[in-house]
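Let me begin by presenting the structure, written as structure tokens, before commenting on it.
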Amino acid sequence: MFKRLIKEKTRYNPLEYENKIYNFWIPYFKYKKRSGKNFTILIAPPNITGSLHMGHALENIILDFLARYKSLLGYDVVWFPGIDHAGIATQNVVEKELKKQGTNRFELGREKFIEKIWQWKEKNENIILDQFKKLGLYLDWSRKRFTMDKKYVEWVEKAFIVYHKKGLVYRDLRPVNFCPKCKTSLSDLELEYKQTEGFLYYIKYPLKSNGFLTIATTRPETILGDVALAINPKDYKNFDLIGKTALLPILNRELPIIVDARVDPDFGTGILKITPAHSLVDYEISQRHHLPMISVINEEGFMNKEAREFEGLSYLQAREEILKRLKELDLIEKIEPLIHQVPICDRCKTEIQVIPSKEWFLKMDYLSNLAYKAISSKEVEIFPPRFKKPYFGWLKNIRDWCISRKIWWGQTMPVWYCKNCSDVYEISRKKPSKICKNCKKKIWIKTDEVFDTWFSSALWPFAILYSHKEKKFYPADIVASAREILQLWIARMIFSGKFFTKKYPFKKVFIHPTVLTKEGKRMSKSLGIGVDPLDLISKYGSDSLRFGILWQMSARQDLKFDESPVYQGQKFLNKIWNAYRFYFLNLNNFKKKNKSDKLSSFDKRILKSLRTTKKFVAKKAESFEFGLSLKKVYKFFWNELCDIYLESWKKSSKNNFKVFERVMFETLVLLHPFVPHITQLIYFSFGRKKPIFFEKWD
RNA sequence: GGACCUGUAGCUCAAAGGUUAGAGCGUUCGCUUCACAUGCGAAAGGUUAGAGGUUCGAAUCCUCUCAGGUCCACCA
């Protein structure tokens with residue numbers, strides 16, 4: 001269909017052909033057993049909220065390069081597209097839409113709200129997936145997956161049930177981050193930190209014997225929940241306090257003075273008040289010392305009955321009242337201004353309360369060990385290797401994983417509570433048929449709690465590659481990921497995969513460079529800094545964008561994105577086009593003229609150069625050095641092939657025509673993983689009708 | 001606070017201990033030469049952040065200083 005095009009046009013316009021070429025490829029992307037050797041890529045499913053950003057573009061261009069390169073080496077490519085429901089992020093976006101319409105999710109109710117999200121998903125899914133098509137990705141579109149597919153939900157529920165059966169799941173009352181406005185617990189990831197000018201209050205606590213000690217706090221209202229005071233074991237200046245007992249002002253509760261390494265001896269007075277109910281660190285310390293937890297603030301941010309006379313006040317009002325009382329008692333030593341980071345909800349910007357809540361946890365000791373072994377045994381390789389360090393560090397300090405969320409959008413947990421007895425539950429996918437062991441009745445109500453979205457993401461590899469009678473695709477050869485989800489996603493896939501299938505879910509993890517702005521700052525949509533890859537595609541075309549990204553990429557360091565290499569890519573495409581134009585226009589002419597079987601010095605030179613270039617590209621593909629290999633290919637093509645070899649033909653040298661044919665064809669194949677669309681188009685001009693990626697590299 | 005990365009031409013990057021530190025973009029000048037003006041030919045542009053050390057030899061290895069950045073954790 002495009003065969004004669006090349007003779008007619010002196011300019012190559014990528015925008016004219018790329019879509020058509022992609023559509024031509026789609027049926028061939030469908031997985032089919034040809035050689036029997038698979039090359040399996042695990043895709044990182046984008047959020048349904050998301051539009052493509054440079055990180056996605058980079059990540060998937062790299063993978064697509066590998067897919068095409070491996071295909072040329074004779075592998076059958078396995079790469080299936082998918083998208084992620086992305087729990088809280090999606091809920092957030094849809095809530096913003098509702099706000100524009102003058103309503104909110106509470107007005108709508110849970111069912112209607114979820115229905116809205118589904119509508120939203122149907123509408124946006126294709127927009128997102130089309131962006132992958134624009135990048136030219138080698139994806140099998142017949143096997144699309146979504147993390148809220150019926151089958152996928154089933155996997156998530158079953159995984160939870162198996163974990164529970166093996167004793168790795170428990171329910172516990174613990175302090176969690178809670179947004180009073182959104183009325184849900186939040187993971188640490190869903191917090192932002194806002195620099196705030198506040199005060200550090202130095203408060204005197206009487207000692208039981210006699211005298212006083214002083215603690216420093218930014219939140220005097222939480223002192224009512226104190227259960228102990230702590231000092232650092234190396235804090236000599238406070239040594240004489242060890243073993244003594246202090247009295248909590250106002251309430252006069254006795255507080256033991258304990259020793260814990262977690263206390264910073266240099267902050268404030270070096271004495272930390274332990275308030276397990278309203279601080280995660282304090283909770284951790286309290287666990288080590290078997291201390292109770294006393295909650296004084298409720299989920300709405302108001303003082304509860306444990307706060308006695310302050311009950312019913314908001315935490316801010318309580319702060320004022322308590323300070324007033326302390327002043328009356330002459331227990332305030334001093335007040336210093338302090339600039340500190342206050343956690344706020346990343347959606348509504350409300351200040352987060354840490355409050356105890358009953359949540360579901362996954363025990364991490366056994367599982368984190370699996371994740372540790374994967375890397376230490378080298379069964380799973382992390383590249384570049386320097387990322388092993390934070391990976392191991394995270395596993396070493398890991399806490400049990402809170403896997404429940406009180407949001408609405410997500411996979412509902414297969415948990416049933418007895419309507420009469422609040423703490424009795426059964427775990428099963430269907431409504432339990434047993435009676436409640438407490439009230440002997442059978443009134444089971446399914447929980448509202450949903451899974452942490454990462455709990456579901458952790459199961460992605462085998463839900464997409466292992467299930468549905470497609471075991472043969474598991475494990476994957478490679479997954480590429482941004483560094484910030486090494487722990488959140490990669491580590492969790494590793495232990496989940498091993499736990500449920502006995503096999504690690506992939507062999508190699510490539511932590512790709514972060515795409516920064518030209519100024520070296522992180523690209524951020526909300527701050528309005530960054531470049532939209534789709535804009536670049538509509539300006540320069542997909543091959544040009546790919547060229548621009550690969551040109552700038554190094555495996556080792558972050559990439560400050562510059563637009564000019566994308567333009568350079570466009571020029572390169574034109575150069576390729578015209579080199580082949582030259583070839584096709586002069587084909588018959590040269591064939592008649594050169595019948596020699598001997599090789600000229602130009603022939604020898606170009607053959608050698610082609611060989612070393614191919615070798616270089618093959619070697620660099622293993623270490624993800626695409627920037628270097630593209631530069632090598634670029635120089636080969638422009639300087640060796642065009643400037644020297646093609647020019648030599650103009651001067652009617654004694655070149656060998658067969659070498660000419662061979663070099664031009666092999667070069668096209670060599671160029672394919674770098675600039676797929678144009679090479680396919682020229683491939684048609686060679687009279688071939690199949691995809692070029694079914695050619696042989698050698 | 002912890003870990004990691006980076007400072008080389010105006011900009012983005014190469015140069016994996018060894019000639020005169022190289023490309024692209026940008027700048028300046030000359031060419032419509034029959035594949036390509038998105039091209040061809042040429043030129044200007046550098047104390048490799050700074051200091052010290054190792055070495056016959058350092059942009060490269062080591063130490064310190066300065067500057068920029070990323071991720072993780074988070075302080076009461």
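Here is the naming used below: chain letters follow the sequence lines, and residue numbers restart at 1 for every chain.
- Among residues at least two apart or in separate chains, salt bridge (Lys or Arg N to Asp or Glu O under 4.0 Å) pairs with a member in residues 268-278 of chain A are D226(A)-K273(A).
- For the pair E484(A) CD and rC72(B) C1', the interatomic distance rounds to 11 Å; values are reported in whole Å.
- Counting any heavy atom pair closer than 4.0 Å across all strands shown, T218(A) reaches sugar-phosphate atoms only and no base atom.
- For F361(A), the ring-ring contact (aromatic ring centres under 6.0 Å, His included) partners two or more places apart in sequence, or in a different chain, are Y170(A).
- Closest to the side chain of N578(A), out of rU70(B), rA35(B), rC72(B), is rA35(B).
- By the side chain to side chain donor-acceptor pair (under 3.5 Å) test, R253(A) pairs with no residue at all, sequence neighbours left out.
- For the OP1/OP2 pair of rU38(B) and a distance below 4.0 Å, the side-chain nitrogens and oxygens of R11(A) include at least one atom meeting the criterion.
- Annotation: salt bridge (charged side-chain N to carboxylate O under 4.0 Å, His left out) contacts of E221(A) (sequence neighbours excluded): R219(A), R319(A).
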_I need a per-nucleotide contact map over nucleotides 18-29 of chain B, read 5' to 3'. Cutoff is protein heavy atoms under 4.0 Å; write B for the base, S for backbone only, - otherwise._
------SS----
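- Rounded to an integer number of Å, the gap from CG of L559(A) to P of rC11(B) is 17 Å.
- Rounded to whole Å, atom P of rA35(B) lies 13 Å from atom CE of M664(A).
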_Does V259(A) form a side chain to side chain contact (heavy atoms under 4.5 Å, CB included) with I231(A)? I'd like the steps, not just the answer._
CA-CA 5 Å; V259(A) 173; I231(A) 64 164; 4.2 Å; yes
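- Distance NZ (K388(A)) to C1' (rC72(B)): 19 Å, rounded to an integer number of Å.
- One finds no side-chain N or O of W638(A) lying less than 4.0 angstrom from the OP1 or OP2 phosphate oxygen of rA35(B).
- The distance between atom CZ of F561(A) and atom P of rU12(B), rounded to the nearest whole Å, is 13 Å.
- Contact annotation: side chain of Q552(A) to base of rA14(B), donor-acceptor pair absent below 3.5 Å.
- Between R522(A) and rC71(B), a side-chain N or O to OP1/OP2 separation shorter than 4.0 Å is present.
- With sequence neighbours excluded, the residues forming a ring-ring contact (aromatic ring centres under 6.0 Å, His included) with Y634(A) are F547(A), W551(A), F572(A), W638(A), listed by chain and number.
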*asked:* As a check on the pairing definition, encode RNA chain B in dot-bracket form, counting Watson-Crick and G-U wobble pairs whose two distances are under 3.5 Å, and using | for partners outside this strand.
replied: (((((((..((((....[...)))).(((((.......))))).....(((((..]....))))))))))))....
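- With P as the reference atom, rG7(B) and rC75(B) are 35 Å apart, rounded to whole Å.
- Distance CD1 (I576(A)) to P (rC36(B)): 17 Å, rounded to an integer number of Å.
- Judged by distance alone, with hydrogens and angles left aside, the side-chain atoms of W577(A) form a donor-acceptor pair with the main-chain N or O of K9(A) at under 3.5 Å.
- Going from the P atom of rC11(B) to that of rA49(B) covers 13 Å, rounded to whole Å.
- Contact annotation: K575(A) does not reach the phosphate of rU38(B) (side-chain N/O to OP1 or OP2, under 4.0 Å).
- For the P atoms, the distance from rU47(B) to rU60(B) is 16 Å, rounded to whole Å.
- rG24(B) and rG18(B) are spaced 23 Å apart, taking the P atom of each and rounding to whole Å.
- As rounded to whole Å, 13 Å separates atom P of rC40(B) from atom CD1 of I644(A).
- When the C1' atom is used for both rG22(B) and rC4(B), the distance is 29 Å, rounded to whole Å.
- Look at D558(A) and R483(A) and you find a salt bridge, because one of the NZ, NE, NH1 or NH2 atoms lies within 4.0 Å of a carboxylate O, short of that distance.
- A distance of about 45 Å separates the C1' atoms of rC34(B) and rA16(B), rounded to the whole Å.
- Sorted by first then second residue, the salt bridge (Lys or Arg N to Asp or Glu O under 4.0 Å) pairs that include residues 561-575 of chain A, not counting sequence neighbours, are K518(A)-D562(A), K539(A)-E563(A).
- Distance noted for atom C1' between rA44(B) and rG2(B): 47 Å (whole Å).
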N/O donor to acceptor pairs below 3.5 angstrom from side-chain atoms of residues 622-630 of chain A, sequence neighbours left out:
from	atom 1	to	atom 2	distance (Å)
E625(A)	OE2	R556(A)	NE	3.4
S629(A)	OG	E625(A)	O	3.4
S629(A)	OG	F626(A)	O	3.2

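- Within the nucleic acid shown, S554(A) comes within 4.0 Å of sugar-phosphate atoms alone, with no base atom in reach, counting heavy atoms only.
- Within the 4.0 angstrom heavy-atom criterion, base atoms lie near K620(A).
- Nearest-nucleotide mapping onto RNA chain B: of D282(A) and R386(A), the residue sitting toward the 5' end is R386(A).
- Rounded to a whole angstrom, the distance from the C1' atom of rG50(B) to that of rG57(B) is 22 Å.
- For the pair K591(A) and F657(A), the cation-pi test (distance below 6.0 Å, angle within 45°) is failed.
- The separation between F582(A) atom CZ and rC36(B) atom C1' is 11 Å, rounded to whole Å.
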